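What you see is a predicted model; the values in this text were computed from it and never measured.
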Amino acid sequence: MATAEVLPNRGKYLTFQLSRQYFALRSDRVRHILPASDIRVMPGRLPFLYGCVAAGGRSAPVLNLNEQLGLGSRPPRAGSSVLVISLDVNCPVSLVGLMADRLSEVVEFRNGEIRGTTAQFRIQGRPYGRPKTLLQPEELLTQEQWIQLRAVML
């Protein structure tokens, strides 16, 4: 699964929507936010690779999150963005792009607002707002898929 099992609980998260689902990603991992129109599509390469985008003088692969998360396949919507994020040093790829239909905001979740892989604001102990699935980017692909992705991007 593409969500985190263990994350440092509290902290700032960038929240976004993809196919009417809500997600959150640690904001300190985001390096660039680019328009989806900047993506150079790479058809027929790998099923989980949508294309690539130039970010900070480097080329970063853009993952097809819809496919990886089981949300169905479709082209980017008008106004979509690419979140270019840094990955763990143990991952074969250092930067990767993730599609977002709509960026929401940067929010700060407290310890009690994160349960497992879901975060939701709590006001006076009661849930408030839509729950967000916390993404752990390194778990979006298997180790073999990361290695394949690195080979294609070289």
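For Asp88, the side-chain hydrogen bond (donor to acceptor under 3.5 Å, both in side chains) criterion is met by Asn90, not counting sequence neighbours. Scanning for salt bridge (charged side-chain N to carboxylate O under 4.0 Å, His left out) contacts around Glu138 gives Arg29, with sequence neighbours left out. A search for side chain to side chain contact (heavy atoms under 4.5 Å, CB included) contacts involving Arg102 returns Gln17, not counting sequence neighbours. By the side-chain hydrogen bond (donor to acceptor under 3.5 Å, both in side chains) test, Arg40 is found to be paired with no residue, residues two or more places apart in sequence or in another chain being considered. Checked against salt bridge (charged side-chain N to carboxylate O under 4.0 Å, His left out), Arg110 has the following partners two or more places apart in sequence or in another chain: Glu113. Every residue meeting the side chain to side chain contact (heavy atoms under 4.5 Å, CB included) condition with Thr15, not counting sequence neighbours, appears here in chain and number order: Ala24, Ser104, Glu105, Val107, Lys132. Checked against side chain to side chain contact (heavy atoms under 4.5 Å, CB included), Ser27 has the following partners two or more places apart in sequence or in another chain: Lys12, Val106. For Pro47, there are no side chain to side chain contact (heavy atoms under 4.5 Å, CB included) partners two or more places apart in sequence or in a different chain. Annotation: side-chain hydrogen bond (donor to acceptor under 3.5 Å, both in side chains) contacts of Ser86 (sequence neighbours excluded): Arg31. Partners of Phe48 under the ring pair (Phe, Tyr, Trp, His ring centres under 6.0 Å) rule, at least two apart in sequence or in another chain, do not exist in this structure.
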Which donor-acceptor pairs under 3.5 Å do the side chains of residues 53-61 make with protein atoms, sequence neighbours left out?
residue, atom, partner, partner atom, Å
Arg58, NH2, Ser94, OG, 2.4

- [ ] Apply ring pair (Phe, Tyr, Trp, His ring centres under 6.0 Å) to Phe121 and Phe109, showing your working.
- [x] CA-CA 7 Å; Phe121 286 114; Phe109 288 117; 4.9 Å; yes
TODO: Walk me through it: do Val96 and Leu87 pass the test side chain to side chain contact (heavy atoms under 4.5 Å, CB included)?
DONE: CA-CA 7 Å; Val96 70; Leu87 298 172; 3.8 Å; yes
Task: Test side chain to side chain contact (heavy atoms under 4.5 Å, CB included) applied to Leu135 and Tyr13, step by step - done: CA-CA 10 Å; Leu135 290 180; Tyr13 291 81; over 6 Å; no
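If you take CD1 on Ile85 and CG on Leu14, they are separated by 10.0 Å, rounding to the nearest 0.5 Å.
Leu63 places a side-chain heavy atom less than 4.5 Å from the side chain of Leu149. In this structure, the side chains of Gln21 and Arg130 stay at 4.5 Å or more apart for every pair of heavy atoms.
The two atoms that bring Gln120 and Pro131 nearest to each other are NE2-CD, 3.8 Å, heavy atoms only. Here the closest non-hydrogen pair linking Ile33 and Ser81 is CG2-CB, 4.2 Å. Summarising the geometry of Trp146 relative to Pro137, their closest heavy-atom pair is CZ2-O, 3.4 Å, with the distance given to 0.1 Å. In this structure, Leu103 and Leu83 approach most closely via the heavy-atom pair CD2-CD2, 3.5 Å. The shortest non-hydrogen separation linking Gly51 to Ile39 is CA-CG2, 4.1 Å.
Listed for the Gln145 side chain is a donor-acceptor partner under 3.5 Å among the backbone atoms of Thr142.
Leu49 and Ile147 end up in different hydrophobic clusters when Ile, Leu, Val, Met, Phe, Trp and Tyr side chains are linked at under 4.5 Å. Placement of Leu34 and Val41 within a single hydrophobic cluster is found when ILVMFWY residues are connected by side-chain heavy-atom separations under 4.5 Å, directly or transitively. No path of Ile, Leu, Val, Met, Phe, Trp and Tyr side chains, each step under 4.5 Å between heavy atoms, connects Met99 with Tyr22, placing them in separate hydrophobic clusters.
For the side chain to side chain contact (heavy atoms under 4.5 Å, CB included) test with Leu98, the passing option among Val84, Leu65, Leu18 is Leu65; the others fail.
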